[in-house]
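To start, the structure under review is shown below, and the notes come after it.
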Amino acid sequence: MVLAIVQILLPYMILTLYTSLASIDRRQLAAAQSLGANRFRSFLQVYLPQSLPGVFASSALVFILALGFYITPQLIGSPKEAMIAQVIGLRVEKLIDFAGAGALSGLLLLATIGIFSIVVLAVAPLRRGITQMATGGDRR
């Protein structure tokens, strides 16, 4: 089941990462190397910080898409390895437990909002740093 989900969601991750990584100016790596940094150090201090917003964005996109997976785990998985969407569907369809399904849906919503907030808070300082690095000045 995990392999099928990875196969379906991998293009979303790759395409989002590609657009983010393609927008990074490669001349900055050459500039860091001309100032004495080796390839590894220029990657860690120049390229990686600029790529982190894209990594966070693509991870958030794939996470949110994976939350709504219902058909793939239903077809491939077993009842012992049910995902949260299947459990909510089971509570609504078979058990007629709307309160339990609503509680699970609320917990899922809170967890999603929490993880999304963490991603937004983690990306905000990175974006400010990248903007300052690109403009070469201290903008406040």
Side-chain angles (χ1 to χ4, degrees):
M1 179 172 69
V2 173
L3 289 176
I5 292 173
V6 167
Q7 180 183 2
I8 293 169
L9 292 178
L10 193 62
Y12 293 104
M13 184 79 162
I14 290 173
L15 290 174
T16 309
L17 275 176
Y18 177 74
T19 58
S20 172
L21 297 178
S23 66
I24 296 174
D25 190 8
R26 307 263 189 236
R27 293 179 296 175
Q28 293 176 354
L29 290 172
Q33 289 175 1
S34 71
L35 292 172
N38 59 13
R39 291 175 63 121
F40 182 70
R41 188 172 176 102
S42 65
F43 172 78
L44 281 180
Q45 290 187 340
V46 176
Y47 197 78
L48 185 64
Q50 293 184 39
S51 66
L52 284 180
V55 170
F56 283 131
S58 60
S59 299
L61 174 71
V62 168
F63 173 73
I64 290 172
L65 287 174
L67 287 176
F69 260 50
Y70 185 76
I71 297 299
T72 304
Q74 189 77 19
L75 293 174
I76 296 174
S78 69
K80 293 180 184 177
E81 299 172 354
M83 294 183 71
I84 190 85
Q86 290 174 292
V87 174
I88 293 171
L90 175 75
R91 286 188 175 266
V92 170
E93 294 171 3
K94 304 277 190 228
L95 301 176
I96 320 252
D97 180 20
F98 296 118
L104 283 175
S105 299
L107 286 174
L108 180 63
L109 179 65
L110 287 176
T112 304
I113 290 172
I115 290 174
F116 192 66
S117 300
I118 290 170
V119 168
V120 168
L121 291 174
V123 170
L126 294 173
R127 285 205 173 272
R128 277 194 302 270
I130 291 170
T131 304
Q132 288 176 357
M133 189 169 41
T135 59
D138 185 27
R139 294 188 347 177
R140 291 185 186 178

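Basis for what follows: all heavy atoms, side chains included, without hydrogens, waters or symmetry-related copies. A quick note: this is a predicted structure, and the numbers were derived from the prediction, not measured.
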Which residues end up grouped with [X] if you chain together Ile, Leu, Val, Met, Phe, Trp and Tyr wherever their side-chain heavy atoms are less than 4.5 Å apart?
{"X": "Leu121", "answer": "none"}
{"X": "Leu107", "answer": "none"}
{"X": "Leu35", "answer": "none"}

Item to complete: For residues Pro53 and Pro49, report the shortest heavy-atom separation together with the two atoms involved.
Response: CD-O, 3.5 Å
Practice prompt. Locate the shortest heavy-atom distance separating Arg41 from Asn38; write the atom from each residue and the value.
Written response: N-OD1, 2.7 Å
Worksheet entry | Pair listing, salt bridge (Lys or Arg N to Asp or Glu O under 4.0 Å) test, anchored in residues 98-120, at least two apart |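 The answer is none; no pair qualifies.
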Fill in: All pairs passing salt bridge (Lys or Arg N to Asp or Glu O under 4.0 Å) where residues 14-24 contributes a residue, at least two apart
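Non-adjacent pairs meeting salt bridge (Lys or Arg N to Asp or Glu O under 4.0 Å): zero.
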N/O donor to acceptor pairs below 3.5 angstrom from side-chain atoms of residues 84-95, sequence neighbours left out:
| residue | atom | partner | partner atom | Å |
| --- | --- | --- | --- | --- |
| Gln86 | OE1 | Met83 | N | 2.8 |
| Gln86 | NE2 | Pro73 | O | 3.4 |
| Gln86 | NE2 | Gln74 | OE1 | 3.1 |
| Arg91 | NH1 | Asp97 | OD2 | 2.5 |

Worksheet item: According to the side chain to side chain donor-acceptor pair (under 3.5 Å) rule, which pairs have a member within residues 104-122, sequence neighbours left out?
Response: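 Counting only pairs at least two positions apart or across chains, no side chain to side chain donor-acceptor pair (under 3.5 Å) contact touches residues 104-122.
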Fill in: Inter- and intrachain pairs under ring pair (Phe, Tyr, Trp, His ring centres under 6.0 Å), touching residues 21-68, at least two apart
Phe43-Tyr47
Worksheet item: If Ile, Leu, Val, Met, Phe, Trp and Tyr residues are connected whenever their side-chain heavy atoms lie under 4.5 Å apart, and connections chain through other members, are Ile118 and Val55 in the same group?
Response: no
Worksheet item: With sequence neighbours excluded, what pairs up with Arg39 under the side chain to side chain contact (heavy atoms under 4.5 Å, CB included) test?
Response: Gln33
N/O donor-acceptor pairs under 3.5 Å from side chains in residues 4-21, not counting sequence neighbours:
| residue | atom | partner | partner atom | Å |
| --- | --- | --- | --- | --- |
| Thr16 | OG1 | Tyr12 | O | 2.7 |
| Thr19 | OG1 | Leu15 | O | 3.4 |
| Thr19 | OG1 | Thr16 | O | 2.9 |

Item to complete: Indicate yes or no: at least one non-hydrogen side-chain atom of Ser51 is less than 4.5 angstrom from one of Ile24.
Response: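 In contact.
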Fill in: Straight-line distance of Ser59 OG to Ile64 CD1, nearest 0.5 Å
11.0 Å
Fill in: Residue list, salt bridge (Lys or Arg N to Asp or Glu O under 4.0 Å) with Arg27, at least two apart or on another chain
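For Arg27, the residues satisfying salt bridge (Lys or Arg N to Asp or Glu O under 4.0 Å) (neighbours in sequence not counted) are Asp25.
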